[in-house]
Student: 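I have a structure here, written as structure tokens, and I will follow up with some questions on it.
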Amino acid sequence: MDKGNDKYVKAPLGMKDIFPDERLLWTEMENAAREEFEIAGYHEIRTPVFEDTRLFVRSIGETTDIVEKEMYTFGDTAGSTITLRPENTAPVMRAYLEYELFKTKKFRKFYYIGPMFRKERPQAGRLRQFHQMGIEAIGSYDPLLDVETIKVATRVYDRLGLDGYVVKVNTIGCEKCRPGYRAILKEELLQYKDELCELCKARIERNVFRVLDCKNKKCKEIRQNVSNTEDHTCSDCRDHFKTVKGAFDDINLEYTIDPHLVRGLDYYTKTVYEITHPAMGARDTICAGGRYDNLISDIGGPPTGAVGFAAGMEASMIAVLKTRENNKNSQPDTSSLSPDVYIVSISAETRNHCFKLLNELRLSGLSVDMDYESRTPKAQMKVANKINSRFTIIMGPDEIEKGVIKLKNMQTGDETFSGDTDKIIQIVKGNK
RNA sequence: GUGGGUGUAGCUCAGUUGGUUAGAGCACCAGAUUGUGGUUCUGGGGGCCGGGGGUUCGAAUCCCCUCACUCACCCCA
């Protein structure tokens with residue numbers, strides 16, 4: 001193929017195609033998620049992939065990188081712009097608000113699975129079009145829900161057989177105590193300003209909390225000397241966090257408190273959490289979430305508590321594949337990609353008869369295929385073997401003349417004849 | 001936006017101090033007598049060595065530029 005040809009077009013940067021064999025894991029992951037979400041009372045909501053740009057600016061925060069430089073934003077009708085969703089919490093809240101659910105069914109649990117878009121440089125497990133699955137519990141301030149959402153996430157991972165993930169939790173305070181802590185932290189860090197890395201110097205003004213999870217060695221040392229989040233949260237937040245910790249213990253959910261855990265999106269309050277996995281590259285988060293009690297009021301609704309998470313599907317998949325690679329025992333089940341029967345036509349003259357039989361057999365629900373590449377009978381057998389067809393039907397002049405079907409079991413090599421199509425169907429179905 | 005790494009057949013990679021028609025494995029296709037697969041054997045198709053420029057008698061191999069991919073940083077799932 002001439003890749004210098006100007007007709008040759010590739011997928012845009014950071015966009016991936018998912019082919020059938022790979023898709024198996026996607027379906028497996030989606031099914032695991034759907035089942036666990038439904039078990040916990042969360043139901044699917046599907047929102048548009050586009051939203052009014054203002055929704056994300058108001059919810060995610062004007063000074064975040066996502067809004068400043070990573071959104072795919074396009075002109076819509078005169079004077080307005082739309083943006084491909086960079087995350088799905090705000091859209092779900094928007095829908096909740098738009099349909100005024102707080103008036104009728106205030107407490108709602110939703111889940112979603114779908115593509116998100118961020119215009120950043122792609123790297124391991126992070127793409128420009130990526131996929132998230134997440135849940136949102138809206139209309140309650142109950143700390144037990146914080147733990148419920150985490151438990152739901154870990155159950156999905158358990159079901160997928162993921163080993164070695166770590167649950168990290170922290171509290172970042174609420175609108176009452178966070179501003180105070182922000183000021184204190186800023187003041188304390190300014191004393192070390194010359195020792196901090198260039199990035200953190202800027203972060204003091206831009207987003208102080210980010211200094212707390214800087215990877216720079218010196219910055220790590222310095223933050224040992226400044227007061228941490230928990231010392232400055234208000235009694236309300238402290239009580240909330242205490243209940244959260246107690247609930248973890250009640251259901252034997254392992255977790256670690258990470259006082260340096262912060263979040264990049266502005267809307268988080270109180271509890272924040274992350275699930276990380278060592279199979280990932282430098283950025284090891286596969287799932288992240290927390291409480292966002294101010295989000296709905298930020299976009300014009302009444303004060304409404306909410307909590308939820310988003311799991312990165314590509315990232316989670318890397319972790320799952322790594323686990324399976326290590327265990328080596330579990331071979332992926334690819335049987336859904338193979339037909340039950342492959343019909344081999346002996347000559348060109350018998351193809352129409354084969355095509356007729358193929359359609360008849362498909363009516364019974366069997367997956368049946370035949371050759372469309374004018375291959376020789378031998379080559380057709382090779383294909384049948386290659387694609388792991390459980391049975392073949394060999395159809396030639398002899399069979400047509402006698403009015404029989406010759407069925408071959410590809411595992412045992414046994415061949416049987418029958419003039420009764422229903423009997424053939426029963427044999428194939430009985431052998432599954 | 002910034003930094004590092006890599007770019008040779010569909011895939012994974014070899015290619016020696018620059019030297020004649022660029023290789024392997026896998027995959028693909030075709031044969032190994034009469035209408036039939038899986039193992040084996042034989043043969044075959046397929047690469048202007050990412051692109052452009054330069055050095056040289058001669059470059060996949062050296063130099064420059066460019067593009068792409070990749071890892072990492074910022075930020076984030």
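Order of the sequence lines sets the chain letters (A, B, ...), proteins ahead of strands, with each chain counted from 1.
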Student: May I ask you to check whether A:S335 and A:D333 show a side-chain donor-acceptor distance below 3.5 Å?
Tutor: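 Yes, because at least one side-chain N or O of A:S335 sits under 3.5 Å from a partner of the opposite role on A:D333.
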
Student: Among residues two or more places apart or on two chains, list those pairs meeting side chain to side chain donor-acceptor pair (under 3.5 Å) that have a residue in residues 390-407 of chain A.
Tutor: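 Qualifying pairs, neighbours excluded: A:D340-A:R390.
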
Student: Just by distance, with hydrogens left out, do A:T304 and A:Y96 show a side-chain donor and acceptor under 3.5 Å apart?
Tutor: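 Side chains of A:T304 and A:Y96: no pair found under 3.5 Å.
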
Student: Give A:E70 one of three labels, base, sugar-phosphate or nothing, depending on what nucleic acid heavy atoms sit under 4.0 Å from its own.
Tutor: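 Since a base atom lies under 4.0 Å of A:E70, the category is base.
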
Student: Quick one: is B:rA77 close enough that its OP1 or OP2 comes under 4.0 Å of any side-chain N or O from A:R263?
Tutor: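 Answer yes for this pair, as a side-chain N or O of A:R263 is under 4.0 Å from OP1 or OP2.
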
Student: In whole Å, what is the span from the CZ atom of A:F117 to the P atom of B:rA77?
Tutor: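 For the pair A:F117 CZ and B:rA77 P, the rounded distance is 17 Å.
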
Student: Could you tell me how far apart A:Q129 (CD) and B:rA77 (C1') are, to the nearest whole angstrom?
Tutor: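 That distance rounds to 14 Å.
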
Student: Looking across every strand, which nucleic acid part, if any, lies under 4.0 Å from A:G125 by heavy atom: base, sugar-phosphate, or nothing?
Tutor: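 Contact class for A:G125: base.
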
Student: Mind checking side-chain hydrogen bond (donor to acceptor under 3.5 Å, both in side chains) for A:Y42 and listing every partner two or more places apart, or none if nothing turns up?
Tutor: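 For A:Y42, the residues satisfying side-chain hydrogen bond (donor to acceptor under 3.5 Å, both in side chains) (neighbours in sequence not counted) are A:E148.
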
Student: With pairs defined as Watson-Crick or G-U wobble and both distances under 3.5 angstrom, please note down RNA chain B as a dot-bracket string, | for pairing with another strand.
Tutor: (((((((..((((.....[...)))).(((((.......))))).....(((((..]....))))))))))))....

Student: Is it the case that the side chains of A:N88 and A:T47 hold a donor-acceptor pair, with the cut-off being a distance below 3.5 Å and no angle test?
Tutor: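 Looking only at side-chain atoms, A:N88 and A:T47 do form a donor-acceptor pair, the distance falling under 3.5 Å.
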
Student: Are A:T271 and A:D146 linked by a side-chain donor-acceptor pair shorter than 3.5 Å?
Tutor: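 A:T271 vs A:D146: donor-acceptor pair found between side chains.
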
Student: Name all residues meeting the side-chain contact (heavy atoms from CB on, under 4.5 Å) criterion together with A:F50; count only those two or more places apart in sequence or in a different chain, and write none if there are none.
Tutor: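 Counting only residues at least two positions away or on another chain, A:F50 forms a side-chain contact (heavy atoms from CB on, under 4.5 Å) with A:F74, A:I82, A:L84.
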
Student: Distance check, C1' atoms only: B:rG54 and B:rA22, in whole angstrom units.
Tutor: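 That atom pair is separated by 23 Å.
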
Student: Using side-chain hydrogen bond (donor to acceptor under 3.5 Å, both in side chains) as the criterion, list what pairs up with A:R178, not counting sequence neighbours.
Tutor: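 A:R178 satisfies side-chain hydrogen bond (donor to acceptor under 3.5 Å, both in side chains) with no other residue.
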
Student: Heavy atoms only, 4.0 Å cut-off, all strands: where does A:K16 land among base, sugar-phosphate and nothing?
Tutor: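 Sugar-phosphate only.
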
Student: Write out a two-atom table: protein N or O, nucleotide N or O from nucleotides 36-40 of chain B, distance below 3.5 Å.
Tutor:
from	atom 1	to	atom 2	distance (Å)
B:rU36	O2	A:K408	NZ	2.9
B:rU36	O2	A:E415	OE2	3.4
B:rU36	N3	A:E415	OE2	2.9
B:rU36	O4	A:K406	NZ	2.2
B:rG37	OP1	A:K378	NZ	3.3
B:rG37	N7	A:K408	NZ	3.2
B:rG37	N1	A:M410	O	2.6
B:rG37	N2	A:N385	OD1	2.8
B:rG37	N2	A:M410	O	2.8
B:rG37	N3	A:N385	OD1	3.1
B:rG38	O4'	A:N385	ND2	3.0
B:rG38	N2	A:M410	O	3.3

Student: In whole angstrom, what separates A:D284's CG from B:rC71's P?
Tutor: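 Roughly 15 Å, once rounded to whole Å.
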
Student: Under 4.0 Å, counting only non-hydrogen atoms across every strand here, what does A:R128 touch: a base, just sugar-phosphate, or nothing?
Tutor: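 The residue A:R128 makes no contact with any strand.
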
Student: Tell me the interatomic distance from A:I400, atom CD1, to B:rG35, atom C1', rounded to whole angstroms.
Tutor: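 About 12 Å, once rounded to whole Å.
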
Student: Is any side-chain heavy atom of A:K423 closer than 4.5 Å to one of A:Q426?
Tutor: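 Contact flag for A:Q426/A:K423 side chains = no.
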
Student: Starting from P on B:rC74, measure out to CG on A:L196 and report it in whole angstrom.
Tutor: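 So the two atoms are 14 Å apart, to the nearest Å.
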
Student: Is there any ring-ring contact (aromatic ring centres under 6.0 Å, His included) pair reaching into residues 390-428 of chain A, and which pairs are they, with sequence neighbours excluded?
Tutor: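 Qualifying pairs: none.
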
Student: Among B:rA77, B:rC75, B:rC74, which nucleotide has an atom closest to any side-chain atom of A:L199?
Tutor: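 Nearest listed nucleotide: B:rC74.
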
Student: Write out all pairs satisfying ring-ring contact (aromatic ring centres under 6.0 Å, His included) with one or both partners inside residues 118-142 of chain A, taking only residues at least two apart or from two chains.
Tutor: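 For residues 118-142 of chain A, and leaving out neighbouring residues, the ring-ring contact (aromatic ring centres under 6.0 Å, His included) pairs sorted by first residue read A:W26-A:H131.
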
Student: Under 3.5 Å, is there a donor-acceptor pair linking the side chains of A:Y157 and A:S316?
Tutor: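 On atom types as modelled, these side chains qualify, holding a pair under 3.5 Å.
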
Student: Identify whether any heavy atom of A:A124 sits under 4.0 Å from a base atom; if not, whether one sits that close to sugar-phosphate; answer base, sugar-phosphate or nothing.
Tutor: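 Result for A:A124 = sugar-phosphate.
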
Student: Who pairs with A:V262 by side-chain contact (heavy atoms from CB on, under 4.5 Å), at least two apart in sequence or on another chain?
Tutor: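 side-chain contact (heavy atoms from CB on, under 4.5 Å) check on A:V262 returns A:F209, A:R210, A:L212, A:D213.
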
Student: Return the value, rounded to whole Å, for the distance between atom CE of A:M280 and atom P of B:rC73.
Tutor: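 So the CE-P distance, A:M280 to B:rC73, works out to 11 Å.
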
Student: Base, sugar-phosphate alone, or nothing: which one does A:I393 contact when heavy atoms must sit under 4.0 Å apart?
Tutor: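 Contact class for A:I393: none.
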
Student: Near RNA chain B, counting only heavy atoms under 4.0 Å, which residues of residues 307-317 of chain A show up?
Tutor: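 Per residue number, the list reads A:A310, A:G312.
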
Student: Could you tell me whether A:E70 and A:R128 make a salt bridge, using a distance below 4.0 angstrom between a side-chain N and a carboxylate O?
Tutor: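 No, A:E70 and A:R128 are not salt-bridged.
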
Student: Any side-chain N or O of A:R375 under 4.0 Å from OP1/OP2 of B:rC29?
Tutor: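 For B:rC29, OP1/OP2 do have a side-chain N/O of A:R375 under 4.0 Å.
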
Student: Does A:Q123 place a side-chain N or O at less than 4.0 Å from the phosphate oxygens OP1/OP2 of B:rU70?
Tutor: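 So the side-chain polar atoms of A:Q123 never come under 4.0 Å of the phosphate oxygens OP1 or OP2 of B:rU70.
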
Student: Which residue pairs pass the ring-ring contact (aromatic ring centres under 6.0 Å, His included) test with at least one member in residues 331-359 of chain A, sequence neighbours excluded?
Tutor: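 For residues 331-359 of chain A: none.
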
Student: Between the protein and nucleotides 2-4 of chain B, which nitrogen or oxygen pairs come in under 3.5 angstrom?
Tutor:
from	atom 1	to	atom 2	distance (Å)
B:rU2	O4	A:R121	NH1	3.3

